[in-house]
Trainee: 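This structure is in structure tokens; I'll ask about it shortly.
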Amino acid sequence: MKHLLTLADLTKEELYDLLDLADSLKKEVKKGVFTPYLRNKTLGMIFTKSSTRTRVSFETGMAQLGGTALYLNANDMQLGRGEPIKDTARVLSRYLDGIMIRTYKHSDVEELAEYGSIPIINGLTDYVHPCQVLADLQTIREHKGTLTGLKMCFIGAGNNMANSLINGGILAGMEVACACPLEYLPDEEITKHAQASGRFTLTQNVLEAAKDADVLVTDVWASMGEEQEAAQRRKIFEGIYQINDACMAVAKADAMVLHCLPAHREEEITEKVFEAHADEIFDEAENRLHAQKAVLVTLLKD
Ligand code: CP
Ligand code: NVA
């Protein structure tokens with residue numbers, strides 16, 4: 001494993017190695033042990049979109065690992081004034097030991113990896129959100145004891161979260177059911193690949209997707225960069241693509257609920273369901289730290 005651009009690049013063994021390492025790093029933290037696996041290492045963190053969890057968990061993660069993280073707002077860099085990504089990649093590779101980038105176009109992240117000579121970590125693109133789904137899988141396994149054979153249901157827009165949940169869920173050995181409107185389906189290539197596993201379904205029937213689910217997941221109807229479509233999207237999603245009591249009633253009695261956050265209450269999830277499952281959702285947010293430390297140690301450690 002050289003980079004983490006998308007979970008689709010991982011083998012099942014690499015995925016489980018990351019999850020196991022995330023669990024053991026979490027145990028260390030809970031015991032107050034902070035092994036400096038990345039002493040003298042520096043991670044650059046390029047952001048062209050907002051972030052709370054990704055920025056803080058990566059920065060804290062590097063500090064806990066004995067390294068340093070640099071927050072690089074793309075607008076303050078020459079990148080924001082048109083310096084090419086391929087030049088930025090070659091320059092930053094001379095200073096840094098790794099780059100985490102959150103941006104719009106996935107091809108920009110691929111270009112960074114192609115021209116740079118250091119590990120690149122995708123902290124979210126319009127296409128996928130692999131770090132989030134590593135944390136999601138860690139959280140599910142923590143609560144359920146296993147991932148194999150569990151049914152995960154995603155309700156909402158076929159966005160970066162849907163794409164990564166499909167990639168990660170199928171790779172982990174789960175059953176994945178997505179309820180997404182025809183206008184906003186997940187990536188075609190990703191769904192085709194998932195369909196070949198025989199463990200994937202895509203429907204517009206929310207209750208059918210939620211039926212007997214062990215885990216229900218949702219995300220905002222309009223992602224970062226899609227704000228101007230919010231009103232149009234609302235017409236399609238409202239009252240249908242929501243985790244609510246009706247979904248919970250058809251899911252398994254002990255079903256858990258995840259949300260990558262930030263959440264829009266009474267849109268993709270009701271306040272009632274959100275608060276009833278807040279412990280799981282905030283464990284999920286915490287696990288960003290542990291899962292990403294596993295990625296950092298795997299990619300950056302000598
Ligand atoms: N879930 C997530 O990536 O959160 P931020 O946008 O706050 O980083
Ligand atoms: N789908 C959301 C996820 C935010 C963490 C977005 O891209 O804005």
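One-based numbering, in listed order, for ligands and for the atoms of each. What you see is a predicted model, and the numbers here were worked out from it, not measured in a lab.
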Trainee: Please write down residue, atom name and distance for the protein heavy atom closest to atom 4 (O) of ligand 1.
Mentor: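 Checked against all protein heavy atoms, atom 4 (O) of ligand 1 sits closest to R53 NE, 2.8 Å.
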Trainee: Tell me whether D219 has any N or O atom under 3.5 angstrom from an N or O of ligand 2.
Mentor: yes
Trainee: Below 4.0 angstrom from a heavy atom of N159, which ligand 2 atoms are there? Numbered from 1 as shown, please.
Mentor: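 Contacts of ligand 2 toward N159, numbered from 1: 1 (N).
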Trainee: Taking atom CG as the centre, does D76 end up with more than 12 heavy-atom neighbours from other residues, nucleotides or ligands that are less than 6.0 angstrom away?
Mentor: yes
Trainee: Considering non-hydrogen atoms of the protein only, which is the closest contact for atom 8 (O) of ligand 2, and what is the distance?
Mentor: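 Looking at atom 8 (O) of ligand 2, the protein heavy atom closest to it is M224 N, 2.8 Å.
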Trainee: Around atom CG of D254, are there more than 12 heavy atoms of other residues, nucleotides or ligands at under 6.0 Å?
Mentor: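 Counting neighbours around CG of D254, more than 12 heavy atoms of other residues, nucleotides or ligands fall under 6.0 Å, so yes.
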Trainee: Is it the case that R288 and T54 place a side-chain donor and acceptor less than 3.5 Å from each other?
Mentor: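 Note: R288 and T54 side chains meet the donor-acceptor criterion.
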Trainee: Would you mind finding which of T54, T125, V220, L124 brings a heavy atom closest to atom 4 (C) of ligand 2?
Mentor: L124
Trainee: Counting only heavy atoms, which portion of D126 has something under 4.0 Å from ligand 2: side chain, backbone, both, or neither?
Mentor: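 Looking at D126 and ligand 2, no heavy atom falls under 4.0 Å.
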Trainee: Using a 4.0 Å cut-off to any heavy atom of L261, which atoms of ligand 2 qualify?
Mentor: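 Here the atoms of ligand 2 in question are 5 (C).
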Trainee: Taking the six-membered ring for Trp, are Y71 and F47 parallel (under 30°), tilted (30 to 60°) or perpendicular (over 60°)?
Mentor: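 It falls in the tilted class, 30° to 60°.
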Trainee: How about CD on E271, more than 12 heavy atoms from neighbouring residues, nucleotides or ligands closer than 6.0 Å, or not?
Mentor: yes
Trainee: N/O to N/O below 3.5 Å, does that happen between R55 and ligand 1?
Mentor: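 In this structure, R55 places no N or O atom under 3.5 Å from an N or O of ligand 1.
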Trainee: Check each of M161, K49, M224, R102 against atom 6 (O) of ligand 1 and report the one with the nearest heavy atom.
Mentor: R102
Trainee: For atom 7 (O) of ligand 1, find the nearest protein heavy atom and state the residue, atom name and distance (0.1 Å precision).
Mentor: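 Here the closest protein heavy atom is T52 N, 2.6 Å.
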Trainee: Compute whether any side-chain donor of one residue and acceptor of the other, for T270 and Q242, lie under 3.5 angstrom apart.
Mentor: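 Q242 and T270 do not have a side-chain donor-acceptor pair below 3.5 Å.
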Trainee: Quick one: does P262 get an N or O within less than 3.5 Å of an N or O on ligand 1?
Mentor: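 Between P262 and ligand 1, no N or O pair is found under 3.5 Å apart.
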Trainee: Go through ligand 1 atom by atom and flag the ones less than 4.0 Å from a non-hydrogen atom of L261.
Mentor: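 Matching atoms, with element in brackets: 1 (N), 2 (C), 4 (O).
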Trainee: Which heavy atom of the protein is the closest neighbour of atom 2 (C) of ligand 1, given with residue, atom name and distance?
Mentor: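 Heavy-atom neighbour on the protein nearest atom 2 (C) of ligand 1: R288 NH1, 3.2 Å.
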Trainee: Test your reading of the structure: does H129 have an N or O sitting under 3.5 Å from an N or O of ligand 2?
Mentor: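 Between H129 and ligand 2 (N or O atoms, distance only) the closest approach is not under 3.5 Å.
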Trainee: For N160, is at least one N or O under 3.5 Å away from an N or O on ligand 2?
Mentor: yes
